[in-house]
**Student:** 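One structure, pasted below without further comment.
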Amino acid sequence: MSEKTIAFIGGGNMARSLIGGLVADGHPPAALRAAEPDAERREALISDYGIQGFEDNATAVRGADAVILAVKPGELAGVARQLGGQIRDQQSLVISIAAGVRSPNIAEWLGGDVPVVRAMPNTPALIQTGATALFANPSVGPEQRDLAETTLRAAGMVVWLPDETQMDAVTALSGSGPAYFFLTMEAMQAAAERLGLDSDTARLLTLETALGAARMALEASEEPALLRRRVTSPGGTTAAALAELEGGDLAGLYERALRAAAGRAHELGDELGAQ
Ligand SMILES: NC(=O)c1ccc[n+]([C@@H]2O[C@H](COP(=O)([O-])OP(=O)(O)OC[C@H]3O[C@@H](n4cnc5c(N)ncnc54)[C@H](OP(=O)(O)O)[C@@H]3O)[C@@H](O)[C@H]2O)c1
């Protein structure tokens, strides 16, 4: 684990999760800093993880190898403008985890040619099982790329994107995706209750089935389509259910859903960039 100094601007839910993951991975707490205006949240980070906490952003950033912008998307422009001069002088890597905000906008607010990695994590990152996509602008060097990857891996798996425009598709897939699975779980549980199961049993069987299927698909070398065919005997119960789902054009529904999410992500990127 690198001993690079990492400064978090904003010590909310996501920063807390990344800090927890980094400390658990062996990153020295003394090399981690958080600037957080809320005193209670700041003190909790200091006492829970042994990191350094600051009220003032500029003090937290002083000499840091990487600065993680972990404030809400609407706060990002102000924070970047405030810290840009200092970050440029120090040549720190900037990692933004703000949903929707594009790297050219971040570089512009920072005042120019700054190495920026844009990360799109998802909610399971809060329990270190996130799926994060990363994009590096051309100013990011190989060592900084490694640092960004190691840092975000503290919250789960990471993939690199060659082209930032793909972030809208990532937002539609893994960014918003947990909600699609929650909706599916809700629907399955409700249907099972209507078939006569009590709600606790229906809930537990739904969630464990979802977890088991996800684990099996991750561990298998075969595609999910093959796993599905393997458990679908002709004339059997699974075939009867799948015929209903396919009759309802599940694939088409997902395509329309992801297109709607990607379109909205693009609009939000335009709106946030105009700050
Ligand atoms: N949570 C997720 O699952 C998730 C997933 C993907 C991406 N993200 C992104 O991660 C970022 C952080 O999300 P979050 O859920 O961690 O939000 P959060 O819990 O609200 O954390 C943001 C923190 O930043 C602090 N803050 C506000 N203005 C600041 C400033 N000028 N300087 C320093 N700190 C400041 C806030 O303090 P106050 O509350 O006192 O204002 C708050 O503690 C967002 O941009 C979001 O888009 C989150």
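Just so you know, these numbers use all the heavy atoms, side chains as well, and skip hydrogens, waters and symmetry mates. Numbers for residues simply follow the sequence, beginning at 1. When a ligand or atom number is given, it counts from 1 through the structure's own listing order. For clarity, every value in this text was computed on a predicted model and none was experimentally measured.
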**Student:** Side chain of E164, backbone of R118: donor and acceptor closer than 3.5 Å?
**Tutor:** no
**Student:** Heavy-atom distances under 4.0 Å decide this one: backbone, side chain, both or neither, for T123 against ligand 1?
**Tutor:** both
**Student:** Judged by atom type as modelled, is there a donor-acceptor pair below 3.5 Å linking the side chain of N122 to the main-chain atoms of G130?
**Tutor:** no
**Student:** Starting from atom 6 (C) of ligand 1, which protein heavy atom do you reach first, and at what distance in Å?
**Tutor:** P121 O, 3.2 Å
**Student:** Between L93 and Q144, what is the shortest heavy-atom contact and its length?
**Tutor:** CD2-O, 3.4 Å
**Student:** Would you mind checking which non-hydrogen protein atom is closest to atom 25 (C) of ligand 1, with the distance to 0.1 Å?
**Tutor:** E36 OE1, 3.4 Å
**Student:** Only heavy atoms of P73, strictly under 4.0 Å: list the atoms of ligand 1 that pass.
**Tutor:** 44 (C), 45 (O), 47 (O)
**Student:** Of the protein's non-hydrogen atoms, which lies at the shortest distance from atom 21 (O) of ligand 1, and what is that distance?
**Tutor:** G12 CA, 3.2 Å
**Student:** May I ask you to identify the nearest protein heavy atom to atom 17 (O) of ligand 1, giving residue, atom name and distance to one decimal place in Å?
**Tutor:** K72 NZ, 3.3 Å
**Student:** Report the nearest protein non-hydrogen atom to atom 43 (O) of ligand 1: residue, atom name, distance rounded to 0.1 Å.
**Tutor:** R41 NH1, 2.3 Å
**Student:** So for ligand 1, is L126 a polar contact partner (N or O within less than 3.5 Å, distance only)?
**Tutor:** no
**Student:** Where the side chain of Q90 meets the backbone of D65, is there a donor-acceptor pair that is under 3.5 Å apart?
**Tutor:** no
**Student:** Can you confirm, on distance only, whether ligand 1 has an N/O atom lying under 3.5 Å from any N/O atom belonging to N13?
**Tutor:** yes
**Student:** Using a 3.5 Å distance criterion without hydrogens, assess whether the side chain of R88 forms a donor-acceptor pair with backbone atoms of V114.
**Tutor:** no
**Student:** How far is atom 33 (C) of ligand 1 from its nearest protein heavy atom, and which residue and atom is that?
**Tutor:** N57 OD1, 3.4 Å
**Student:** V71 to ligand 1: N or O pair under 3.5 Å?
**Tutor:** yes
**Student:** Students should be able to answer this: which protein heavy-atom is nearest to atom 34 (N) of ligand 1, and at what distance?
**Tutor:** P37 CD, 3.2 Å
**Student:** With atoms numbered from 1 as shown, which atoms in ligand 1 lie under 4.0 angstrom from a non-hydrogen atom of V79?
**Tutor:** 30 (C), 31 (N)
**Student:** Distance check, rounded to the nearest 0.5 Å: L204 atom CG versus T209 atom OG1?
**Tutor:** 8.5 Å
**Student:** Using a 4.0 Å cutoff against the non-hydrogen atoms of G10, which atoms of ligand 1 qualify?
**Tutor:** 23 (C), 24 (O), 25 (C), 33 (C), 34 (N)
**Student:** Any donor-acceptor pair under 3.5 Å linking the side chain of H27 with the backbone of G21?
**Tutor:** no
**Student:** Heavy atoms only, cut-off 4.0 Å: how does A99 contact ligand 1, side chain, backbone, both, or neither?
**Tutor:** both
**Student:** For the CD1 atom of I19 and the CG atom of L45, what is their distance to the nearest 0.5 Å?
**Tutor:** 5.0 Å
**Student:** Any protein heavy atom sitting closer than 4.0 Å to atom 41 (O) of ligand 1?
**Tutor:** no
**Student:** Considering only the protein, which heavy-atom contact is closest to atom 7 (C) of ligand 1, and what is its distance?
**Tutor:** I97 O, 3.4 Å
**Student:** For ligand 1, note which part of Q82 has a heavy atom under 4.0 Å away: side chain, backbone, both or neither.
**Tutor:** neither
**Student:** Hey, is ligand 1 close enough to N122 that some N/O pair sits below 3.5 Å?
**Tutor:** no
**Student:** Under 3.5 Å between some N or O of ligand 1 and some N or O of M14?
**Tutor:** yes
**Student:** Compile the donor-acceptor pairs under 3.5 Å between side chains in residues 173-184 and protein atoms, sequence neighbours left out, one pair per line.
**Tutor:**
| unit_1 | atom_1 | unit_2 | atom_2 | d |
| --- | --- | --- | --- | --- |
| S174 | OG | V170 | O | 3.3 |
| S176 | OG | T171 | O | 3.3 |
| Y180 | OH | A172 | O | 2.5 |
| T184 | OG1 | Y180 | O | 3.0 |

**Student:** Working to the nearest 0.5 angstrom, can you tell me the gap between E108 CD and S103 OG?
**Tutor:** 11.5 Å
**Student:** So do the side chains of R16 and Y49 get within less than 4.5 Å of each other, counting heavy atoms only?
**Tutor:** yes
**Student:** Roughly how far, to the nearest 0.5 Å, is OG1 of T150 from CZ of R145?
**Tutor:** 12.0 Å
